[in-house]
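Note: hydrogens, waters and symmetry copies are ignored here, and every other heavy atom, side chains too, is used. Each chain gets a letter, A, B and so on, in the order its sequence line appears, and its residues count up from 1.
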Amino acid sequence: MSEFNHREIEKKWQQVWEENQTYKVEIDHSKPKYYVLDMFPYPSGAGLHVGHPLGYIATDIYSRYKRLKGFNVLHPMGFDSFGLPAEQYAIQTGQHPAITTENNITTYISQLKKIGFCYDWSREVRTSDAKYYKWTQWIFMELFRSWYNKESDKAEPIETLYAKFEQNGTFDVKTVADDDVLSFTAEEWKGYSETEKYKISLKYRLTFLSDAVVNFCPALGMVLSNDEVKDGVSERGGYPVIQKKMQQWMMRITAYADRLISGLDLVDWSDSLKEQQKNWIGRSVGAMVKFALESNTDSKIEVFTTRVDTIYGVSFMVLAPEHELVASLTTPVQKENIENYIAETQKRSELDRVSDVRTVSGAFTGSYCVNPFSGEQVPIWIADYVLAGYGTGAVMGVPSGDQRDWNFATHFGLPIVQILDSQTDITTQADSTKEGNYVNSGMIDGLGYKEATTKLIAFMEENNIGKAKVNYRLRDAVFARQRYWGEPVPVFFSPPTPDGGGNLPYLIDEKDLPLVLPEVDKYLPTEDGEPPLGRADNWHYSSPNGGGGGLELSTMPGWAGSSWYWFRYMDAHNDQEFASKEAIDYWQNVDLYLGGTEHATGHLLYSRFWNKFLKDRGYVPQEEYAMKLINQGMIMGVSQLAYRLKLETTEKTDDDLFNIPGYAHEFYVDNRYKQVYYSADLIDYIKENYPNLEFSIIHIPIEYTDNNILDEDSLRYFRGRYENIAFVTRGGINALLKENENYFLETAHIHEPRSFKTVSLTEKMSKSKYNVVNPDTIVEKYGADTFRLYEMFLGPLTESKPWDTRGIEGTYRFIRKLWRLFYDQNGKYLVTDAEPTKEELKALHKTIKKVSEDIEDFSFNTSVSSFMICVNELSDLKCHKKVILEKLVVILSPYAPHVTEELWQILGNSDSITVQEFPIFDAKHLIEDSFEYPIQINGKVRVTLNFPADMTKEEIEKLVMENDLVLKWLEGATPKKVIVVPKRIVNVVI
RNA sequence: GCCCGGAUGGCGGAAUUGGUAGACGCGUUGGUCUCAAACACCAAUGAGGUUACACUCGUGCCGGUUCGACUCCGGCUCCGGGUACCA
């Protein structure tokens, strides 16, 4: 093949790879392993767009590079195939989500294969496949069978908890679960029935049922996680979300809060990502303090504070309106007041409460509690700035040290007490300093912050009025969704008994896994509000040990399947274990993980949690599963928008219309137009002068735009529907604004998140935004190699960047230029066996050096530049020498696998390029002889000299003088590199 | 508000980490080839200035350190992302 034809070359090699299973990988103890993982995609109906493959290309380059470096590389791909879009589609059309999903996956695979990735497709996983979710269910069961022992700081089988209860009762059992609630002795425990013991154990397991307040979305008929709710509406669809109490399966991720923080030290992730996770976990160290009620000293209000030291400055107590004690604390006099306030609060939507931070509101309950240190009387208020869901839902008000408390105190005329001598000006604002010594502070008067805190906590613990406590922002994760397209929860409920007992959750027998998702007639909730699984026939379990009951109707949330999938790739077809011990021992964990930053507080926390759990239970060896993580940036679609005059809503008489600028001329005088679009630079003018006109925003296909200027003629020519539209420019409006004839568009950058489950319903419509660039079209026209190079060339991997199709011509030219090192225009083979020259070797080795360094640093963009420079240099040198070209082709092969395989063969090699070794650069070809080649810039001659470390000052000076240069030394400098300028002054040394 | 990150030509972006700012590519302009186009090739392309050189200015803004600053330090402005009455 002497003619460059990317279509034939790519087809040929993709076929060869498939037939020979070139990229199939097996355990091979003779080689070091390397595991490269992409965050697997949710197969959306829209198929891949140009932004998706960015990360995949980067990992593919890295995988191929590592393979050439002698590693046994695991580089798999699969699909996170449970998810809402398929279910929504099923609700609308009645088509089974499995079918939609299957179709979408087929599209994805064919698109991915066209780009030439070196995945081992035999290891593909799909989370919605029963063979896969069998093990998701199994992990759920393991979590259910475990509790978190704070003493050993790991998860243990529930049996060890039973043993501890047997020995000591609740005494000495350190756990994170309900540890303050239950209290019994070993004797009492022994007296409990098995069912009672089981009931108690349910409170300690890592998956547990809880009456949680959840985000319920009536329109979607399901519960949403906090990250699925944005600004009080559902992230998908934007429907209203209300707070509702429901019994929910929960995951005790809070047990791992500390380890999720400390584990970050083990991994090579970006600081910003680590920071995000730390903030999300929100560890705050402080104390729990009990304030007894004045009316009933047995009853206490607990507050969490990070500043116990300010306890003597407490001048009021605030409860969340939802706090359970509010009703009993309210005195008859205040009853109406409080009830009004609560009603008021409930009326305000989440959005109002959040956006309206500044307004101070609250109500007095009429009751008082007692400051346990000063013995002072403290009035109890309620206010919506205190959140029921954080801490204890109660706050001690210290107006001198906290701005919100200060605002509250000032607004309601409560006293502001100075507690530190260093506090200044607390009459105008709070001062949260920790400096200075305490005043007005009883037992800590005169002390500093540290001693005071220690003393207070010791005192509280001694007198049982409080204790040191670490609080987290992180909540336990709701692990259930009231929807169909997810993993069924392998749990049944024992039948209720007449005395109100029963109805306890039990795991199904492990032998009955997978619990397969049943068929239903519709994918909507049932009439009485039960989840879709309520529609299934025989959704009931009969235990082989006798007994049984109705199966759980909720399914698992989207993140279940993605929280362990990297292990499945290690041994994708195992039906005895989630992955064999041998496979896990060999592959260990992921060396390089690449995906979008939007998973920072979702997937990347949950999956770390599951990994740690599996490690605790001895199934996997590593505390962290993703050693290096890179967040690739997004490729932004560019939308070009036009302003269309809304004739349908604009009041219009003929006179009005005639007065609209541009309109009269374009619409009336020239009768062919039916609509008017205004240039973006006119909008301000029109809005000012015709405030009653309304506009809608129209997407213009980007191929008819040149940046933000419309190519009106071709748009009209190629798109019939634009024929009747008048595009009004500044110049088109009388003579008033005659300064520009261009029709300007509004440019908008649209983020296209590449993700597991973040494909929103509205985003599906991006086809209609005319901003989607389909990779298939690009690959067809320019070839996969060009596409791969261009995506890398666009900019740094981790940055967001706008897509510009025009730029791809440059990389396309590069590939053709490369080809012409082998064949001339007439198809004549040019490659010779001649010895390379010094310059040729230098060009090659410079590139080898740069490219290896760049790949190690993930700077793929600059290495593409180096390739271009190298090929340009070799072209200029007319270098067609085999020894040079062979090495060039090998180092280029990770980036452009098809064309390099072809060229490799053309060079006379029978084996595949994949078995080659990545060339090592030879520094001797790079030595710069600066004296022979002075560089001339702007008429100045400057020379950079590199000296061996052992060269003395005198030797350097001699050298410089011999060459008619001037050199000035800096005091105390050690020569490493010298810049000299002839006959002028000199720069020196570092 | 708080926490991260960023700002370099018409555009995407380079700059060996303090040493010739603008690599590489796109776009634009001029030219060669062609009946013409496509492809390809050559040249120019930060701004001002000049016939051309010279020269001057120039990495968001103000100041500092240094022989030398896109790079380091102090103070701002704007943009992007995350998060939010978190006690």
Side-chain angles (χ1 to χ4, degrees), chain A residues 270-280 282-284 286-287 303-307 310 318 320 353-361 383-387 389-398 401-405 407-408 432 471-474 597-598 600-601 631 633-634 636 706-707 749 751 789-790 793-796 798-814 816-817 820 825 849-850 853 859 861-870 872 875 935-944 968-971 973 977-979 981 985-990:
Chain A
S270 74
D271 288 342
S272 83
L273 193 72
K274 287 183 178 182
E275 203 59 36
Q276 264 186 62
Q277 291 213 338
K278 280 180 193 160
N279 290 343
W280 189 263
R283 184 177 201 267
S284 52
V303 296
F304 175 74
T305 175
T306 53
R307 293 290 302 274
T310 63
V318 195
R353 274 176 79 163
V354 169
S355 58
D356 184 19
V357 186
R358 308 255 168 254
T359 314
V360 179
S361 69
D384 65 1
Y385 84 83
V386 178
L387 306 174
Y390 183 77
T392 60
V395 170
M396 59 184 215
V398 185
D402 183 284
Q403 192 57 43
R404 281 161 317 170
D405 293 347
N407 293 344
F408 194 83
S432 61
N471 219 3
Y472 301 93
R473 201 189 81 100
L474 183 72
T597 183
E598 65 273 16
T601 54
N631 290 123
M634 292 169 185
M636 292 185 295
D706 179 5
N707 287 321
H749 294 283
H751 289 264
L789 284 162
Y790 185 55
F793 183 67
L794 271 177
T798 53
E799 303 290 315
S800 291
K801 51 237 160 206
W803 175 263
D804 176 10
T805 303
R806 284 175 307 180
I808 202 169
E809 293 286 350
T811 42
Y812 190 49
R813 243 166 245 154
F814 159 72
R816 282 179 298 175
K817 218 165 180 176
R820 279 201 307 278
Q825 268 107 327
K849 180 168 189 277
K850 183 84 172 96
E853 285 168 1
S859 308
N861 53 329
T862 47
S863 52
V864 176
S865 300
S866 326
F867 285 126
M868 290 177 170
I869 294 167
C870 181
N872 282 340
S875 299
I935 317 150
Q936 181 129 18
I937 293 122
N938 294 341
K940 291 177 200 163
V941 182
R942 283 196 169 201
V943 186
T944 303
K968 188 180 116 195
W969 290 101
L970 260 188
E971 281 307 308
K977 187 173 183 182
V978 181
I979 293 176
V981 180
I985 307 187
V986 179
N987 299 323
V988 181
V989 195
I990 300 176

Inter-nucleotide C1' distance (B/A84, B/C78), Å rounded: 23 Å
Considering only heavy side-chain atoms of A/Thr305, the closest of B/C39, B/A87, B/G12 is B/A87
What form does the base of B/U51 take, syn (within 90° of 0) or anti? anti
Minimum-distance nucleotide to A/Thr306 side chain [options: B/C39, B/U83, B/A87]: B/A87
Using a 4.0 Å heavy-atom cut-off, does A/Asn861 contact any base of the nucleic acid, only the sugar-phosphate backbone, or nothing at all? sugar-phosphate
Compare the minimum distances between each of B/A40, B/A14, B/A87 and the side chain of A/Pro796, then state the nucleotide with the smallest one. B/A14
Identify the nucleotide, in any strand shown, that forms a Watson-Crick or G-U wobble pair with B/A43, with both distances under 3.5 Å; if there is none, say none. B/U29
RNA chain B nearest-nucleotide lookup for A/Phe304 and A/Gln276: closer to the 5′ end is A/Gln276
So what's B/C55 paired with, Watson-Crick or G-U wobble, going by both distances under 3.5 Å? B/G48
Any base atoms under 4.0 Å from A/Ser865, or only sugar-phosphate, or nothing? Heavy atoms, all strands. base
Whole-Å distance between B/U83 P and A/Lys274 NZ? 20 Å
B/G60 pairs with which nucleotide, Watson-Crick or G-U wobble, both distances below 3.5 Å? B/C76
Base orientation of B/G63, chi within 90° of 0 counted as syn, else anti, reads anti
To the nearest angstrom, the CD-P distance between A/Glu853 and B/U17 comes to 10 Å
Can you confirm whether A/Leu789 sits close enough to A/Tyr812 that some side-chain heavy atom of one is under 4.5 Å from a side-chain heavy atom of the other? no
Nearest listed nucleotide, side chain of A/Lys801, among B/U83, B/G12, B/C85: B/G12
Check every strand shown and say whether A/Arg283 touches a base, only sugar-phosphate, or nothing at a heavy-atom separation below 4.0 Å. nothing
Would you give the length of the straight line joining atom OG1 of A/Thr862 to atom CZ of A/Phe867, rounded to the nearest 0.5 angstrom? 10.5 Å
Taking the same atom, P, in B/C62 and in B/G25, what whole-Å distance lies between them? 34 Å
Rounding to an integer number of Å, can you tell me how far A/Glu799 CD sits from B/G81 C1'? 11 Å
Distance col, row A/Ser361:OG vs A/Tyr385:OH, nearest 0.5 angstrom, shows 10.0 Å
Roughly how far apart are A/Gln825 CD and A/Arg820 CZ, rounded to 0.5 Å? 5.5 Å
Residue closer to the 5' end of RNA chain B, A/Thr597 versus A/Glu809 (nearest nucleotide): A/Glu809
Pairwise P distance, B/C42 and B/A7 [rounded to whole Å]: 33 Å
Would you measure the distance from the C1' atom in B/C61 across to the matching atom in B/G10 and give it in whole Å? 23 Å
For the residue pair A/Tyr790 and A/Trp803, categorise the inter-ring angle as parallel (less than 30°), tilted (30 to 60°) or perpendicular (more than 60°). perpendicular
By the 4.0 Å heavy-atom rule, please label A/Asn872 as base, sugar-phosphate, or nothing. sugar-phosphate
Partner nucleotide, any strand, of B/G9 [Watson-Crick/G-U, under 3.5 Å]: none
Among the candidates B/C39, B/C3, B/C86, find the nucleotide nearest to the side-chain atoms of A/Asn279. B/C3
Please classify the nucleic acid contact of A/Lys817 as base, sugar-phosphate, or nothing, using heavy-atom distances under 4.0 Å. sugar-phosphate
Provide the Watson-Crick or G-U wobble partner of B/A84, both distances under 3.5 Å; none if there is no partner. none
Integer angstrom distance from the C1' of B/G22 to that of B/U71: 15 Å
Between atom CZ in A/Arg473 and atom C1' in B/A84, what is the gap in whole Å? 8 Å
Watson-Crick or G-U wobble partner for B/C67, using a 3.5 Å limit on both distances? B/G19
Among B/A87, B/A40, B/A15, which nucleotide sits nearest the side chain of A/Thr862? B/A15
Measuring from A/Asn279:CG to A/Lys274:NZ, what's the distance to the nearest 0.5 Å? 14.0 Å
Atom-to-atom span, CD of A/Gln277 to P of B/G82 - whole angstrom: 15 Å
If you measure from NZ on A/Lys801 to CZ on A/Phe793, what distance do you get to the nearest 0.5 Å? 12.5 Å
Could you please name the option among B/A40, B/C85, B/A23 that lies closest to any side-chain atom of A/Ile869? B/A23
From the options B/A87, B/C85, B/C3, select the nucleotide whose nearest atom is closest to the side chain of A/Glu275. B/C3
